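Here's a structure for you.
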Amino acid sequence: MILFETTESVIEVLWDIVLAIYIVRIAFAYFLLNFLSGLALVYLSSHHLTPVIQLTTPQSELVLVPFLLLSSIIWARFTILYYEVPRVGGFRLVAGATALVFLAGASLFVTTPILYLEGLAGWIWETDKKAGLAFGALLVAYTLMMAIQMGFEHNGEMGVGEGPTTTSHGHEKKSIVAAVPTVTLVKNNSKVKMQ
């Protein structure tokens with residue numbers, strides 16, 4: 001028994017919803033890994049566990065930039081491999097932009113209130129312009145990092161099972177029609193038939 005008529009537009013909408021959830025999941029994982037790494041780095045530097053004690057505030061902020069960039073590179077690569085993110089530039093840019101939205105929200109709703117509670121509200125506006133530009137460039141790199149890494153990945157010409165562009169399901173060489181089973185609705189008998 002068919003409960004409702006399925007049209008192509010319904011399938012397209014459902015596919016778009018699934019794709020959006022997939023992008024949000026990838027972006028949230030990328031954001032969370034970077035945010036927690038950044039919190040750990042800032043904690044270590046602010047509690048004098050790193051050798052930035054004799055530096056002024058702008059210099060100590062600039063010392064963190066390479067470590068945060070390295071963290072972004074590592075976690076972008078991990079996210080790409082773990083979630084098998086496809087080599088589609090637009091897809092990776094949207095995931096990076098969504099991760100940036102998560103990062104901005106966390107900074108606004110988590111980090112800023114903590115600074116106010118600790119009595120460090122003035123620190124937000126004391127940032128040196130060079131450090132501000134460096135962190136702005138870091139945010140741009142953070143957003144583009146998954147797309148940038150496409151330039152360092154090979155094209156998958158080595159074959160199935162070799163290299164980072166292969167997937168665990170083994171459908172790399174198949175067309176989309178051969179890889180995804182199709183469903184045919186038969187109106188006469190009210191049965192659904194899988195091909």
Side-chain angles (χ1 to χ4, degrees), residues 20-156 163-165:
I21 290 171
Y22 182 60
I23 289 172
V24 168
R25 187 176 75 173
I26 290 169
F28 187 74
Y30 177 55
F31 148 75
L32 191 62
L33 292 168
N34 277 291
F35 187 70
L36 294 176
S37 298
L39 281 179
L41 285 170
V42 169
Y43 175 79
L44 290 175
S45 68
S46 67
H47 286 79
H48 307 295
L49 299 175
T50 57
V52 294
I53 299 169
Q54 287 80 22
L55 299 176
T56 63
T57 302
Q59 290 172 337
S60 64
E61 290 174 1
L62 288 174
V63 167
L64 289 176
V65 171
F67 295 109
L68 292 171
L69 181 63
L70 181 64
S71 168
S72 178
I73 291 169
I74 290 169
W75 292 127
R77 190 72 194 140
F78 174 80
T79 306
I80 289 168
L81 293 176
Y82 185 79
Y83 288 103
E84 297 180 353
V85 179
R87 288 191 56 170
V88 178
F91 185 90
R92 290 187 181 188
L93 285 174
V94 169
T98 306
L100 181 64
V101 169
F102 286 137
L103 186 63
S107 296
L108 184 64
F109 296 115
V110 175
T111 309
T112 305
I114 289 173
L115 289 174
Y116 276 110
L117 291 175
E118 295 288 326
L120 300 172
W123 179 79
I124 298 171
W125 306 112
E126 290 177 7
T127 302
D128 183 46
K129 291 185 181 180
K130 290 180 183 177
L133 288 174
F135 278 102
L138 182 66
L139 288 176
V140 170
Y142 169 79
T143 305
L144 300 175
M145 190 56 64
M146 284 197 266
I148 290 171
Q149 291 201 6
M150 284 176 39
F152 299 104
E153 296 171 355
H154 62 75
N155 294 330
T165 58

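Throughout, residue positions are numbered sequentially from 1 according to the sequence presented. This one's a predicted model, so the numbers in the text were calculated from it and none came from an experiment.
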Smallest separation among heavy atoms of Ala147 and Leu93, with atom names: CB-CD2, 3.8 Å

Partners passing side-chain contact (heavy atoms from CB on, under 4.5 Å) against Ile23 (at least two apart in sequence or in another chain):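 Ile23 satisfies side-chain contact (heavy atoms from CB on, under 4.5 Å) with Leu19, Phe91, Val94, Ala95, Thr98 only.
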
Pairs involving residues 88-104, ordered by first then second residue, that meet salt bridge (charged side-chain N to carboxylate O under 4.0 Å, His left out) (sequence neighbours left out):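 Qualifying pairs, neighbours excluded: Arg92-Glu153.
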
Interatomic spacing from CE in Met150 to CG in Leu144 - rounded to 0.5 Å: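 These two atoms lie 12.0 Å from each other.
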
Taking every non-hydrogen atom, the tightest pair across Gly38 and Leu68: CA-CD2, 3.7 Å

Reported CG-to-OG distance for the pair Leu70 and Ser37, which is rounded to 0.5 angstrom: 10.0 Å

Euclidean distance, Leu138 CG relative to Leu64 CG, rounded to 0.5 Å: 10.0 Å

Closest approach of Thr79 to Val85 (non-hydrogen atoms, all atoms of both residues): O-CG2, 3.8 Å

Side chain proximity check, Phe109 to Pro113, heavy atoms < 4.5 angstrom: no

Any Asn34 side-chain heavy atom under 4.5 Å of Leu103 side chain: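 The answer is no; the side chains never approach within 4.5 Å.
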
Gln149 to Ile73 - nearest heavy-atom pair and separation: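 Shortest heavy-atom contact: NE2-O, 3.0 Å.
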
Qualifying residues under side-chain contact (heavy atoms from CB on, under 4.5 Å), relative to Ala29, sequence neighbours excluded: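 Once residues adjacent in sequence are excluded, the partners of Ala29 under the side-chain contact (heavy atoms from CB on, under 4.5 Å) criterion are Tyr83.
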
Nearest-0.5 Å distance, CG of residue Leu36 to CG of residue Leu41: 11.0 Å

Residue pair Arg77 / Phe152, side-chain heavy-atom distance below 4.5 Å: no

Side chain to side chain, Met146 and Ile26, heavy atoms closer than 4.5 Å: yes

Tyr82: partners by ring-ring contact (aromatic ring centres under 6.0 Å, His included), with sequence neighbours left out: Phe78

Residues which pass ring-ring contact (aromatic ring centres under 6.0 Å, His included) with Phe67, listed by chain and number, not counting sequence neighbours: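 Expected list: none.
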
With Phe31 via ring-ring contact (aromatic ring centres under 6.0 Å, His included) - residues at least two apart: Phe28, Phe35, Phe102

Worked check of side chain to side chain contact (heavy atoms under 4.5 Å, CB included) between Trp75 and Met145: CA-CA 9 Å; Trp75 292 127; Met145 190 56 64; over 6 Å; no

